[in-house]
Amino acid sequence: MSEIRQRKTAGAASNPTPTPANAKKPVPQANKNGGFTCMPLLLALVLIIGATLSTSFVLTKTLTFGYDPQALRKHLPRQRITLTTEELKQYDGKDPTKPVYLAINGRVYDVTAGRDKYYGPGGGYSFFSGVDAARAYITGCFQTHLTHDLRGLSQAEIDSLSTWSDFYEKHDIYFYVGQVVHEPIPDDAPLPEPCS
């Protein structure tokens, strides 16, 4: 029979039996890629989100603690848009996949949250959707003055537009999204007809 011998190391000669003081501690194993596994972190995140949604539903019967998701859109950061008059017309509420925009003196507001009641097809203010109707906001002529042309109006009348701009700026569910750039009005263009 052959005998296999093991060479003694210097440390093994002085203390042949390992004790807890000199025993080797196991080294934690990394995942195959050599990095930290994120499963415990993802699991904790899923549990926190689940607990939050459950608590919201138990307390308010909604998943958002009673907040309207449309109103939350106002607070999301977004890039400001610049539209032409023709591009603005695409946002008149007829296409349910697009937001509803209206403009006042070049400032564009998102009124999508009022699509069903006010600004969508058949709504009481649908004529404002997709256009800059600054003149109509001043004169109250919603048939013939749906234009951005303010020529012939007094400065006091033009200044009154700030009331409407403030309404949309400060509204809970409507918000400013950018501007509309209109073609210049020719000098020889006739003034809009007076409101009847």
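Treat the numbers as computed from the prediction; the structure is a model and nothing was measured. For the numbers below, each heavy atom of this structure counts, side chains included, while hydrogens, waters and symmetry mates do not.
Between the Ser56 side chain and the Thr62 main chain, a donor and an acceptor come within less than 3.5 Å of each other. When atom types are taken as modelled, the side chain of Thr55 and the backbone of Ala51 share a donor-acceptor pair closer than 3.5 angstrom. Looking only at distances, no side-chain donor or acceptor of Asp159 sits under 3.5 Å from a matching main-chain atom of Leu161. Checked by atom type and distance alone, the side chain of Arg151 pairs as donor or acceptor with a backbone atom of Ala189 at under 3.5 Å. One N or O on the side chain of Thr112 and one on the backbone of Val100 form a donor-acceptor pair closer than 3.5 Å. No donor-acceptor pair under 3.5 Å is formed between the side chain of Arg135 and the backbone N or O of Cys141. In terms of modelled atom types and a separation under 3.5 Å, the side chain of Arg115 and the main chain of Gly93 share a donor-acceptor contact.
Residues Tyr137 and Ala103 come closest through the heavy atom pair CE1-O, 4.3 Å. Nearest heavy-atom pair across Ser126 and Gly122 is OG-N, 4.2 Å. Looking at every heavy atom in both residues, Thr82 comes nearest to Val181 through CG2-CG2, 3.6 Å.
Side-chain atoms of Phe127 and Ser129, non-hydrogen and from C-beta on, never get closer than 4.5 Å to each other. Proximity of Ser165 to Tyr109: side-chain heavy atoms (C-beta onward) are separated by under 4.5 Å at one or more points. Using a 4.5 Å cut-off on side-chain heavy atoms (C-beta onward), Thr52 and Ile49 make no contact.
Taking the six-membered ring where the residue is Trp, the centroids of Tyr118 and Phe128 are separated by 6.0 Å or more. Taking the ring centroids of Phe142 and Tyr125, they lie at or beyond the 6.0 Å cut-off. Taking the ring centroids of Phe175 and His171, they lie at or beyond the 6.0 Å cut-off.
Atom CD of Glu183 sits in a sparse spot, with 12 or fewer heavy atoms from other residues, nucleotides or ligands closer than 6.0 Å. Within 6.0 Å of NZ in Lys94 there are 12 or fewer heavy atoms belonging to other residues, nucleotides or ligands.
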* Given the rule in the side chain to side chain contact (heavy atoms under 4.5 Å, CB included) test, do Leu102 and Leu88 qualify, once you have shown the distances and angles that lead to the verdict? -> CA-CA 8 Å; Leu102 60 79; Leu88 180 60; over 6 Å; no
* What's the verdict on side chain to side chain contact (heavy atoms under 4.5 Å, CB included) for Leu83 and Gln179, showing C-alpha distance, side-chain angles and the deciding distance? -> CA-CA 6 Å; Leu83 302 171; Gln179 63 182 354; over 6 Å; no
* Determine, stepwise, if the pair Val108 / Asp132 fulfils side chain to side chain contact (heavy atoms under 4.5 Å, CB included). => CA-CA 8 Å; Val108 179; Asp132 185 341; over 6 Å; no
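Side-chain contact of Asn105 with His148: a donor-acceptor pair under 3.5 Å is absent, judged by distance alone.
Here Leu42 sits in one hydrophobic cluster together with Met39; the rule is ILVMFWY side chains under 4.5 Å apart, joined directly or through other members.
Between Tyr174 and Tyr168, the ring planes lie tilted relative to each other; the angle falls in the 30° to 60° range.
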